[in-house]
**Q** 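The structure's right below; bear with me while I get my questions together.
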Amino acid sequence: MGFFGKKTENYDEYTEEDKDFGNDGYGYEDDTMANDFEADPQPVPAEPEAFAPAAPALKIVNPKEYKDAIEIANLLINGNTILLNIESIAKDQAIRLLDYLNGAVHVAGGIMTKVSKTTIVIAPKNVDVSSIEAMVSGD
C-alpha cells in the first residue's frame, strides 16, 4: 500500500512501564514539579544601552528618485519626523513618491503637511509640527 495506506503499527493500551512517566504522562513523579512552571516568571533583565534604538529625531531628506520612498517610510515608522525636500527629484517621480508616502502616513496614523512649494513635513502621530512649519516657512 502507498504512503497513505493502512497503518501497520498497533498502539497498545497503558502498561506498567508507562507508570515511569507519572500520572499525567509527562515524566513528573509528583505534582510539585509540574507546578513549577506555574510559578511567577523571573524578571527579564534590561537590554544593554548599546542595543537601545535611537531616539526619534527630525530627519532632513532630499530624495533623488522614487525608490527612496521605502527608506523615508521606514524613518516614519521608526517614529522620526521628516522634513522632505523634493526640489531635486523629477516631477513625475515626486508625484509617485508623495503618493507612496501618503499611504505610509495614513497607515502610521501620522500627518503630512506642505510648508512650501518643495518642502513637506511628515510626522508620526502625537507629534506637534507647528514649530517646524513656522521655522521652515519663516513666520
Side-chain angles (χ1 to χ4, degrees):
M1 218 171 226
F3 181 74
F4 294 105
K6 184 177 178 182
K7 286 187 177 182
T8 58
E9 298 176 32
N10 187 9
Y11 297 105
D12 295 332
E13 294 200 18
Y14 185 78
T15 64
E16 284 297 316
E17 292 177 3
D18 295 330
K19 286 185 179 180
D20 294 337
F21 292 103
N23 293 335
D24 56 6
Y26 292 105
Y28 300 117
E29 292 179 14
D30 57 13
D31 287 339
T32 58
M33 290 177 67
N35 292 333
D36 286 347
F37 294 108
E38 297 172 10
D40 292 334
Q42 298 294 322
V44 178
E47 290 191 25
E49 290 185 27
F51 298 108
L58 176 64
K59 304 286 185 178
I60 300 172
V61 180
N62 297 304
K64 303 290 184 224
E65 53 192 353
Y66 169 73
K67 70 179 183 180
D68 296 335
I70 295 170
E71 294 174 26
I72 298 167
N74 286 335
L75 288 172
L76 175 68
I77 291 168
N78 290 328
N80 295 294
T81 301
I82 302 147
L83 188 61
L84 186 66
N85 183 359
I86 58 170
E87 65 187 358
S88 60
I89 187 172
K91 185 177 179 179
D92 62 329
Q93 296 276 311
I95 292 169
R96 292 182 65 205
L97 175 91
L98 292 175
D99 285 343
Y100 183 93
L101 293 176
N102 193 29
V105 168
H106 177 73
V107 169
I111 187 171
M112 181 182 237
T113 305
K114 183 177 177 180
V115 292
S116 76
K117 187 175 180 178
T118 59
T119 306
I120 295 112
V121 174
I122 304 171
K125 59 184 172 184
N126 303 325
V127 173
D128 181 25
V129 295
S130 59
S131 60
I132 299 169
E133 290 173 341
M135 178 181 66
V136 172
S137 63
D139 293 344

**Q** As a test of understanding, state which of I72, I122, D68 forms a side chain to side chain contact (heavy atoms under 4.5 Å, CB included) with V61.
**A**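 It is I72; the other options fail the test.
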
**Q** Please answer whether the main-chain N or O of E87 pairs with a side-chain N or O of N85 as donor and acceptor at a distance below 3.5 Å.
**A**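 Yes, N85 side chain to E87 backbone: donor-acceptor pair under 3.5 Å.
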
**Q** Hey, could you give me the CG/OH distance between D92 and Y66, rounded to the nearest 0.5 Å?
**A**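 It comes to 12.0 Å.
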
**Q** Mind listing the closest non-hydrogen atom pair of A73 and A104 along with its distance?
**A**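 Distance-wise, the nearest heavy atoms are CB-CB, 3.9 Å.
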
**Q** Do you reckon M112 sits in the same ILVMFWY cluster as L58, going by side-chain contacts under 4.5 Å, direct or chained?
**A**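 In one cluster: no.
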
**Q** Drop me the distance from I120's CD1 to L101's CG, to the nearest 0.5 angstrom.
**A**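 Reported to 0.5 Å precision, the distance equals 8.5 Å.
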
**Q** Taking all heavy atoms of A94 and all of I86, pick out the closest pair and write down the distance.
**A**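 Closest approach of A94 to I86, heavy atoms only: CB-CD1, 4.4 Å.
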
**Q** Hey, does the side chain of Q93 reach the backbone of E65 with a donor-acceptor pair shorter than 3.5 angstrom?
**A**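 Checking the backbone N and O of E65 against the side chain of Q93, no donor-acceptor pair under 3.5 Å is found.
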
**Q** Testing L76, L98, I82, T113 for side chain to side chain contact (heavy atoms under 4.5 Å, CB included) with V105, which one passes?
**A**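 Testing V105 for a side chain to side chain contact (heavy atoms under 4.5 Å, CB included) against L76, L98, I82, T113 leaves exactly one candidate, L76.
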
**Q** Distance from I70 atom CD1 to L75 atom CG, nearest 0.5 Å?
**A**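 Interatomic distance, I70 CD1 to L75 CG, rounded to 0.5 Å: 12.5 Å.
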
**Q** At their closest point, which heavy atom of K64 faces which heavy atom of S88, and how far apart are they?
**A**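 The answer is NZ-OG, 3.5 Å.
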
**Q** Enter the distance from L84:CG to I60:CD1 here, rounded to the nearest 0.5 Å.
**A**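 L84 CG to I60 CD1: 11.0 Å, rounded to 0.5 Å.
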
